[in-house]
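Below is one structure; the comments refer to it alone.
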Amino acid sequence: MTSSKFWMVWPDNVGLSVLVLAVVAMAFLYAARKPMHDLIRSSGGALGGPLRIAARWLLAAANEINHRNKAVLLAHGRQETGQRIEREFERLGALVTRDLQGYPTLQRKLLDEITRIEEDYKKCGEVPPPPPEWAEAVASVAKVKTTGNELVLRVLEEINRSITSIHDKTLAEYRRAYERRHKILESFMPFWRSVDKTLTAVDQKLSGLQNGAATVDAQMEKYEAIVAKTDKAEHALTVSAFTQFAIALLVMLIAAGGAFINFKLIALPMSEMVGAGDYLTSTLRTSEVAALVIIFVEASMGLFVMEALRITHLFPRIASLGDQMRRRILWIALVLLVTLAGVEAALALMRDMLIADKQALLQSLATAPQPIATDGWVAHIPTAGQMLLGFILPFALAFIAIPLESLIHSTRTVGGVLLVALVDTAALVLRVLANVARRMARVLITLYDVAIVVPLLVDRVARAGFAAKRGTVDVEDSAWRRS
Amino acid sequence: MIRALLYALLATALAGCGDPRSHAQAVYVLVDTSGTYAQEANKAQVIVNYLLGTLQPGDSLAVARVESRSFSEKDIIAKATFDRRPSQANAQKRAFRDTTNGFVAGVRSSRYTDITGGLLQGAEFLRETGAGTKTLVIFSDMQEELDKVTVRDFPIDLKNIRVVAVNVVKLKTDNVDPRRYFGRLEAWQKRVQGAGATEWRVINDLERLDTIFGRS
């Protein structure tokens with residue numbers, strides 16, 4: 001008997017051997033059905049249970065992180081909005097002081113102009129003197145009937161001439177009076193314009209105040225929402241943090257580009273100062289590290305300048321310093337920054353000289369004659385450009401303190417949100433795995449039953465027969481009891 | 001910014017430690033001046049110029065001639081360890097170029113060719129420089145010819161040195177039977193590698209020197 005046939009009950013009959021073994025196996029499997037079911041079920045439970053617990057723990061952790069994130073976010077938002085409101089109030093205060101301080105003068109001016117206009121208006125109301133009273137006498141004389149008396153006629157003619165003369169005089173005076181009034185009215189114009197201008201200025205100032213008040217109102221509304229810890233406020237702050245993060249990151253990338261250019265400008269000439277043959281690692285030269293250190297020191301000085309100017313608030317210690325000490329720090333940092341910028345400009349010049357020297361050497365070493373570069377003023381443009389860049393870039397780098405602060409603050413929120421998402425995803429994955437483990441246990445139990453389907457069928461039939469027989473006995477028993 | 005400061009501090013700390021390994025290169029050029037090969041000396045100048053343009057501040061370079069007996073400091077035409085400051089290094093390179101130009105202009109052929117002596121002298125120089133990469137360039141047809149008195153048939157030590165044979169021209173006899181040429185090169189390879197050299201290379205096209213000295 002070969003080793004491959006050791007399991008055969010009848011080595012010459014494979015089919016019968018398999019059948020016998022299957023029957024025996026089924027019998028054993030049927031006998032072990034309950035403990036095997038329990039084993040599979042408990043294995044599924046043992047695998048799925050911890051996974052579910054871990055998933056639950058992760059969910060709780062995510063919840064906790066979320067709460068903390070919310071608390072931090074709201075606290076930060078509260079602080080920021082509070083500061084903004086404070087600044088708006090300061091701005092409004094300055095506006096009120098600036099605009100309304102001169103308001104009494106303005107009012108006095110306005111009143112003076114109105115009084116003047118009023119007086120002039122009254123002057124306009126002055127009517128020309130009435131015709132003399134003797135006009136009534138003339139009217140009476142006019143009623144006298146002409147009888148043809150020559151004396152009377154002459155008197156009347158004389159009277160007519162006098163009256164005509166007086167009429168002309170009075171009319172002329174009347175016209176002059178109206179002319180005067182027109183002139184007075186004409187002189188109103190500048191005053192009206194002045195009043196109009198003054199009122200427009202007042203209107204503008206009041207509109208500015210109104211706008212400022214509206215901004216304060218909006219900020220206050222936001223502040224109230226943050227204090228009330230509403231979801232809307234949290235969402236708005238989160239979105240704002242993401243936006244800030246993206247913008248700050250972009251600006252930092254641009255600044256990194258600037259720093260790289262700066263590095264390229266000073267790395268070569270630094271080898272003239274610290275030597276070109278020293279290496280910190282197999283690829284990193286000491287001169288390159290020295291150039292990096294200079295750039296970092298410049299950035300740090302810029303940071304201190306920004307801190308001292310209270311533009312950024314990364315170091316509470318500097319922010320809490322007295323004005324005098326802060327000013328000292330500002331000046332020290334500024335002087336160092338200017339010095340380093342000057343050093344960089346000099347290094348940029350040296351770089352150009354070194355490259356030119358190297359180029360000249362290579363030309364002298366070359367076997368083929370090299371074209372000689374023109375040495376006109378155009379050749380000095382790159383040198384001047386390099387020096388200018390070397391001087392300007394440190395100051396430009398100083399401003400990275402602002403996006404850096406935004407980046408640091410927004411990273412807390414963005415990182416928190418991403419962490420929550422990560423933990424949530426992990427919890428979901430663990431939950432799914434736990435469910436898969438439990439389902440797999442059920443599938444295995446079913447498969448087990450499929451493998452022993454024949455004994456199970458026999459068992460079911462036997463149980464049914466036993467139940468039927470028992471049912472008959474029960475019926476006979478009840479009939480006997482009734483009888 | 002805090003991260004930048006940390007990097008700066010780290011870099012400063014690293015600067016205090018530094019990499020103890022030497023990253024400098026040392027190159028010793030042996031120029032064969034024996035027989036008709038002396039006519040090739042102009043090409044040696046090309047190699048030296050190439051090396052002057054390639055080597056960095058802190059690197060070392062020496063040029064020596066191969067004569068009837070070459071194990072002598074007197075055979076070193078010019079040697080220099082370039083200053084760590086690039087400007088000074090450039091000045092040194094100019095002076096080096098002038099010296100080797102003078103040598104090439106007035107080269108006289110020697111009767112015998114003591115390559116082994118030159119190798120011994122070169123290995124000594126290279127070891128003394130303490131450079132991280134040591135290269136021995138042999139500008140020769142690799143045909144060694146010694147007088148009866150000179151003894152060179154003993155093991156030599158070329159550990160941690162790579163040997164590059166440049167411009168190995170074919171002799172008239174090589175043209176008759178090329179196996180002589182290949183056999184000569186094979187014998188040198190065996191000897192050099194047996195002496196512990198890290199690498200043995202033959203470069204006949206001078207344009208391919210970049211593969212040896214080009215730095216990444």
Side-chain angles (χ1 to χ4, degrees), chain A residues 252 255-256 259 268-300 302-304 306-307 312 314-315 350-351 353-367 397 400-401 403-405 407-408, chain B residues 1-25 42-43 45-60 81-98 100-101 130-132 206-207 215-216:
Chain A
M252 287 298 285
L268 176 66
M270 279 307 285
S271 62
E272 195 69 17
M273 293 163 90
V274 297
D278 293 336
Y279 283 76
L280 284 180
T281 65
S282 57
T283 51
L284 195 62
R285 288 176 188 224
T286 309
S287 57
E288 289 171 343
V289 174
L292 271 178
V293 168
I294 284 198
I295 291 167
F296 288 148
V297 169
E298 281 166 359
S300 309
L303 179 65
F304 289 137
M306 291 293 155
E307 283 287 317
T312 57
L314 285 169
F315 296 106
M350 187 183 273
R351 177 181 183 270
M353 287 163 68
L354 283 175
I355 289 174
D357 189 34
K358 175 94 178 173
Q359 205 59 36
L361 175 71
L362 289 177
Q363 274 182 4
S364 69
L365 293 173
T367 46
L397 277 178
I400 63 163
L404 182 76
E405 188 185 33
L407 192 74
I408 289 170
Chain B
M1 188 49 56
I2 292 163
R3 191 178 291 175
L5 282 172
L6 281 174
Y7 277 141
L9 283 173
L10 182 70
T12 315
L14 279 171
C17 309
D19 189 356
R21 291 172 303 168
S22 172
H23 294 268
Q25 277 204 59
N42 284 331
K43 287 185 183 172
Q45 182 64 44
V46 174
I47 294 170
V48 171
N49 283 355
Y50 170 80
L51 288 170
L52 285 172
T54 311
L55 293 177
Q56 300 291 321
D59 291 348
S60 302
T81 295
F82 301 121
D83 199 279
R84 289 180 184 280
R85 289 169 295 171
S87 58
Q88 294 300 313
N90 286 348
Q92 282 177 298
K93 285 176 180 179
R94 283 194 180 90
F96 200 102
R97 178 202 59 198
D98 294 342
T100 48
N101 274 349
L206 298 184
E207 299 291 320
R215 284 190 184 183
S216 57

Item checked: Reported OG-to-CE distance for the pair B/Ser87 and A/Met350, which is rounded to 0.5 angstrom -> 7.0 Å
Check: What heavy-atom pair brings A/Leu354 and B/Pro86 nearest, and what distance separates the two atoms?
Finding: CD2-CB, 4.0 Å
Check: What option among B/Asn90, B/Asn101, B/Asp83 has the most heavy-atom pairs under 4.5 Å with chain A?
Finding: B/Asn90
Item checked: Closest heavy-atom pair and its distance - B/Gly53, A/Leu365 -> N-CD1, 3.7 Å
Notebook entry, point to check: So, are A/Asp357 and B/Lys93 salt-bridged, with charged N and O less than 4.0 Å apart?
Noted result: no
Check: Which bit of B/Arg97 is near chain A, if near means a heavy-atom gap under 4.5 Å: side chain, backbone, both or neither?
Finding: side chain
Next item on the list: Counting only heavy atoms closer than 4.5 Å, note whether A/Ala290 contacts chain B via side chain, backbone, both or neither.
Entry: neither
